[in-house]
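A short write-up of the structure that comes next.
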Amino acid sequence: MKNKSSEKKTWNKIAIASAAIVLIVAAISVMFIYVPFAEKNKSLRSDILRERDKNVLIGKIKALNKHLKVYDKRIPESGGVSWLLGEVSNIASKEKVEISSIKPGSPEDYNLYTKLFVIVDVFSSFNQLGKFIAMVESSEKILKIESVSMKRMDIDEGFDKGSGKFKAFDVRANIVISTVVSKE
């Protein structure tokens, strides 16, 4: 019986030693393989999220760039006030609006752009004035009506009903028109 009992003790010692070795190898594997891999995995995930955010931002920038190209075509290249005066005069002649005076305003400087103004005094019918304003606002180049003040001509003291040049409900308007031109 001693043989069986000593064999069992030997077998138990081998089993305990084997189990201890397996536990030690498992602990070492976890410490030196799994933990660094898990940390690397977290790092890779954060890198992936950062790259995804960068790609989304790049996509937004490209989309905005496409929109800017549309507006860049609408911004005149440093044509100056003479260009704006000519543009307003052409629109007025197309809409049969009589310009009594047109004078440049003082430009405003904005880094890469300059805002130009013209002050226009016109005589026209109310409908013609409306069409003129609509043509200015819908111009291929960006033009903006800054202000309009108008008065019926028959209310003025010097209005001559018999002259035939103007009708009773024609208007006299003072209009400030602006545009932005590129300095480049």
Side-chain angles (χ1 to χ4, degrees), residues 21-97 99 101-122 124-150 171 173-184:
I21 290 172
V22 168
L23 286 175
I24 290 171
V25 168
I28 290 172
S29 297
V30 166
M31 287 175 44
F32 291 109
I33 296 173
Y34 178 74
V35 171
F37 177 75
E39 289 299 318
K40 184 72 170 170
N41 193 18
K42 285 181 187 176
S43 172
L44 287 174
R45 284 180 189 254
S46 72
D47 288 347
I48 289 170
L49 291 175
R50 244 184 276 124
E51 284 299 317
R52 187 180 305 155
D53 290 344
K54 282 181 189 177
N55 288 339
V56 167
L57 186 60
I58 288 171
K60 286 180 181 179
I61 290 170
K62 285 181 180 178
L64 287 173
N65 197 17
K66 286 180 184 178
H67 291 292
L68 284 175
K69 284 181 183 178
V70 169
Y71 288 107
D72 264 351
K73 293 177 185 175
R74 295 192 65 201
I75 295 176
E77 299 264 337
S78 56
V81 176
S82 60
W83 172 84
L84 183 57
L85 291 169
E87 193 73 17
V88 170
S89 295
N90 289 339
I91 294 172
S93 67
K94 285 180 189 173
E95 295 305 320
K96 299 179 179 95
V97 171
I99 295 177
S101 75
I102 185 168
K103 55 188 170 194
S106 35
E108 295 176 5
D109 191 26
Y110 297 100
N111 293 333
L112 298 174
Y113 302 98
T114 302
K115 189 171 186 179
L116 303 174
F117 296 91
V118 290
I119 301 156
V120 184
D121 289 320
V122 298
S124 69
S125 70
F126 188 76
N127 287 339
Q128 288 171 322
L129 181 63
K131 288 178 183 178
F132 171 74
I133 289 172
M135 286 288 291
V136 168
E137 287 281 334
S138 64
S139 172
E140 183 180 308
K141 300 295 183 186
I142 298 175
L143 298 177
K144 181 181 177 200
I145 303 291
E146 294 287 332
S147 69
V148 176
S149 62
M150 67 178 131
V171 294
N174 179 278
I175 306 169
V176 178
I177 302 171
S178 69
T179 190
V180 176
V181 294
S182 173
K183 288 183 181 178
E184 297 176 353

CG-CE distance between Leu143 and Met135, expressed to the nearest 0.5 angstrom = 10.5 Å
Could you pull out the closest heavy-atom pair between Ile175 and Val148, with the gap in Å?
-> CG2-CG2, 4.1 Å
Sub-4.5 Å side-chain heavy-atom contact between Val136 and Val88 = no
Side-chain donor-acceptor contacts of residues 26-46 below 3.5 Å, not counting sequence neighbours, with atom names and distances?
unit_1	atom_1	unit_2	atom_2	d
Ser29	OG	Val25	O	2.7
Ser46	OG	Ser43	O	2.9
Ser46	OG	Arg50	NH2	3.4

How about Ser124 and Val171: do any of their side-chain heavy atoms sit closer than 4.5 Å?
-> yes
Rounded to the nearest 0.5 angstrom, the CD1-CD distance for Ile142 and Glu137 is 11.0 Å
Nearest heavy-atom approach of Ile177 to Leu84 is O-CD2, 4.2 Å
For Val81 and Pro104, the nearest pair of non-hydrogen atoms, with its separation, is CG1-CB, 3.2 Å
Taken in chain and number order and not counting sequence neighbours, the residues that satisfy side-chain hydrogen bond (donor to acceptor under 3.5 Å, both in side chains) with Asn90 are none
Between Val97 and Gln128 the two heavy atoms that sit nearest each other are CG2-O, 3.7 Å
Apply side chain to side chain contact (heavy atoms under 4.5 Å, CB included) to Asp47 and Glu51, showing your working.
-> CA-CA 6 Å; Asp47 288 347; Glu51 284 299 317; 5.5 Å; no
Can any side-chain N or O of Ser178 pair as donor or acceptor with the backbone N or O of Phe117 at less than 3.5 Å?
-> no
Any side-chain heavy-atom pair from Arg52 and Leu49 closer than 4.5 angstrom?
-> yes
Partners of Ser93 by side-chain hydrogen bond (donor to acceptor under 3.5 Å, both in side chains), sequence neighbours excluded?
-> none
Atom pair OG (Ser101) and CG (Asn174), whose distance is rounded to the nearest 0.5 Å | 7.5 Å
If you round to the nearest 0.5 Å, how far is CD1 of Ile91 from OG of Ser138?
-> 7.5 Å
Could you state the interatomic distance from CD (Glu87) to CG (Leu85), rounded to the nearest 0.5 Å?
-> 11.0 Å
Measure the spacing between OG1 of Thr179 and NZ of Lys144 and express it to the nearest 0.5 Å.
-> 11.5 Å
Flag if over 12 foreign heavy atoms under 6.0 Å of NZ, Lys131 | no
